[in-house]
**Q** 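Okay, here's the structure, questions in a sec.
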Amino acid sequence: MKKTVLAFSRVSPEMAERLQQDFNVIIPDPKKGDLNEQFNEALPHTHGMIGAGRKLGREQLESAKQLEVVSSISVGYDNYDVGYLSERGIMLTNTPDVLTESTADLGFSLIMSSARRVAELDAYTKAGNWKRSIEAPHFGTDVYGKTLGIVGMGNIGAAVARRGRLGFNMPILYSGNSRKTAIEQELGAQFRTLDQLLAEADFVCLVVPLSEKTKHLISTRELGLMKKSAILVNIARGPIVDEPALIEALQSGTIRGAGLDVYEKEPLPESPLFKLSNAVTLPHIGSATHETRQAMADRAFDNLRAALLGEKPQDLVNQQVWKG
Ligand code: DGY
């Protein structure tokens with residue numbers, strides 16, 4: 001008998017067709033009524049789940065007694081209660097590597113956009129405000145040769161650092177749990193404590209995973225350590241930054257600006273950030289290119305299929321549940 005797969009987001013018709021070759025596939029459909037109801041009804045029959053952007057833990061999965069695998073179409077897995085899944089022997093897989101470069105591109109575009117006020121001045125031009133040459137109140141700040149601080153030198157952090165070092169001649173500082181000697185050798189990157197990095201960097205790029213330890217890693221004290229001329233970029237997860245503290249820092253000029261792709265609550269509801277010309281606000285698009293989203297979907301498909309057919313998936317997060 002075919003196993004059942006429940007798709008909880010971002011599943012294209014093409015992926016649905018591929019899944020249907022091996023599995024019964026349930027895709028909640030807004031035309032058929034309440035999505036949550038359809039999701040909950042499917043849970044007791046579900047062996048595998050695929051998607052992104054949904055919190056899944058004890059409360060949501062209690063009735064999914066036959067669940068074997070959750071295949072997330074994302075690299076980050078802070079939406080899932082890994083402890084609970086592991087306790088139940090449910091595999092969790094993610095999609096590392098395939099989004100590294102596009103997310104780093106986005107990080108760098110936030111650095112550029114914040115420094116050169118690209119989004120703000122685009123809106124200015126389109127609003128018909130360009131009547132004469134731009135003067136000092138609208139000038140930006142240079143990127144080339146400035147110091148780039150990477151908080152969390154994983155794959156994406158390293159890819160942002162490479163862009164900065166090789167493309168923009170930026171000295172690289174980084175902080176994190178461990179020294180990365182390969183990156184130190186490749187890019188001349190220098191290790192700092194977080195406090196030192198915040199005090200020295202012109203651009204601080206957050207690329208750490210969200211955990212209990214990194215929640216509100218950047219709050220009033222940390223923002224106060226940054227240079228008044230510095231820019232904070234967050235392409236990791238919203239809750240790493242204490243958002244009200246950041247808003248206050250942007251309003252009072254504690255730092256120059258921020259480039260944000262992620263927020264404490266997503267989608268970002270009405271927010272004081274919308275009124276701040278020194279904040280660039282994007283709708284969580286780190287991996288949102290056609291090529292990368294396709295690659296992520298393919299990788300998640302492979303992980304799900306392998307797990308349900310009894311093979312070890314390539315990107316198993318909770319390795320300890322694999323019985324081999
Ligand atoms: C991820 O994969 O974790 C990115 O944030 C895109 O959702």
Side-chain angles (χ1 to χ4, degrees), residues 7-12 15 48-57 60 69-82 85 91-111 113 150-161 163 176 204-218 232-241 243 246 258-268 273 280-304 307 313-318:
F8 57 97
S9 76
R10 279 195 210 165
V11 169
S12 65
M15 155 104 82
M49 295 173 71
I50 186 163
R54 191 174 184 117
K55 284 230 165 297
L56 293 176
Q60 296 78 14
V69 57
V70 175
S71 173
S72 184
I73 314 178
S74 67
V75 66
Y77 44 86
D78 44 287
N79 265 334
Y80 311 100
D81 182 340
V82 186
L85 294 175
M91 289 177 265
L92 173 66
T93 64
N94 68 341
T95 61
D97 309 328
V98 290
L99 46 65
T100 300
E101 301 302 337
S102 55
T103 307
D105 283 348
L106 199 269
F108 222 86
S109 59
L110 281 171
I111 290 173
S113 183
I150 304 285
V151 179
M153 190 64 99
N155 290 342
I156 298 174
V160 176
R163 282 157 176 73
V204 174
C205 187
L206 304 176
V207 211
V208 275
L210 177 62
S211 68
E212 277 312 311
K213 267 175 81 181
T214 59
K215 183 160 190 237
H216 288 186
L217 187 68
I218 304 296
L232 180 75
V233 167
N234 189 2
I235 53 170
R237 286 292 183 265
I240 290 164
V241 177
E243 213 162 272
L246 174 63
L260 305 171
D261 189 38
V262 289
Y263 309 88
E264 293 217 65
K265 185 170 177 351
E266 296 182 12
L268 180 62
L273 287 168
V280 177
T281 52
L282 298 181
H284 197 152
I285 56 166
S287 63
T289 67
H290 291 292
E291 301 89 333
T292 296
R293 284 287 166 87
Q294 184 62 50
M296 290 166 76
D298 289 345
R299 186 95 166 221
F301 171 86
D302 290 346
N303 284 325
L304 177 82
Q314 184 184 0
D315 306 304
L316 186 56
V317 171
N318 48 355

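In this chain, numbering begins with 1 at the start of the sequence shown. In listed order, ligands and their atoms are each counted from 1.
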**Q** Does Glu101 have any side chain to side chain contact (heavy atoms under 4.5 Å, CB included) partners at least two apart in sequence or in another chain, and if so, which?
**A**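 Only Ala159, Arg163 meet the side chain to side chain contact (heavy atoms under 4.5 Å, CB included) criterion with Glu101.
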**Q** N/O to N/O below 3.5 Å, does that happen between His284 and ligand 1?
**A**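 N/O-N/O distance under 3.5 Å: yes.
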**Q** Atoms of ligand 1 less than 4.0 Å from Met296 heavy atoms?
**A**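 Listed by number with element: 2 (O).
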**Q** May I ask you to decide if Ser71's main-chain N or O and Asn303's side chain share a donor-acceptor pair within less than 3.5 Å?
**A**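 No.
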**Q** Check each atom of ligand 1 against the heavy atoms of Leu99 and keep those under 4.0 Å away; list them by number with element.
**A**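 Near Leu99, the atoms of ligand 1 are 2 (O).
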**Q** Any side-chain to backbone donor/acceptor pair from Thr292 onto Leu99? Under 3.5 Å, distance only.
**A**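 Between the backbone of Leu99 and the side chain of Thr292 there is no qualifying donor-acceptor contact (under 3.5 Å).
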**Q** Give the atoms of ligand 1, by number and element, whose distance to some non-hydrogen atom of Val75 is under 4.0 Å.
**A**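 Those atoms are 1 (C), 2 (O), 3 (O).
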**Q** Under the salt bridge (charged side-chain N to carboxylate O under 4.0 Å, His left out) test, which residues partner Arg299, sequence neighbours left out?
**A**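 Counting only residues at least two positions away or on another chain, Arg299 forms a salt bridge (charged side-chain N to carboxylate O under 4.0 Å, His left out) with Asp97, Asp315.
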**Q** Which atoms from ligand 1 have a heavy atom of Gly76 less than 4.0 Å away?
**A**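 Every atom of ligand 1 under 4.0 Å from some heavy atom of Gly76: 1 (C), 2 (O), 3 (O).
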**Q** Among the heavy atoms of Ser287, does any lie under 4.0 Å from an atom of ligand 1?
**A**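 Per 4.0 Å heavy-atom rule, Ser287 contacts ligand 1.
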**Q** Is the backbone of Ile73 close enough, under 3.5 Å, to the side chain of Thr95 for a donor and an acceptor to pair up by distance?
**A**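 No.
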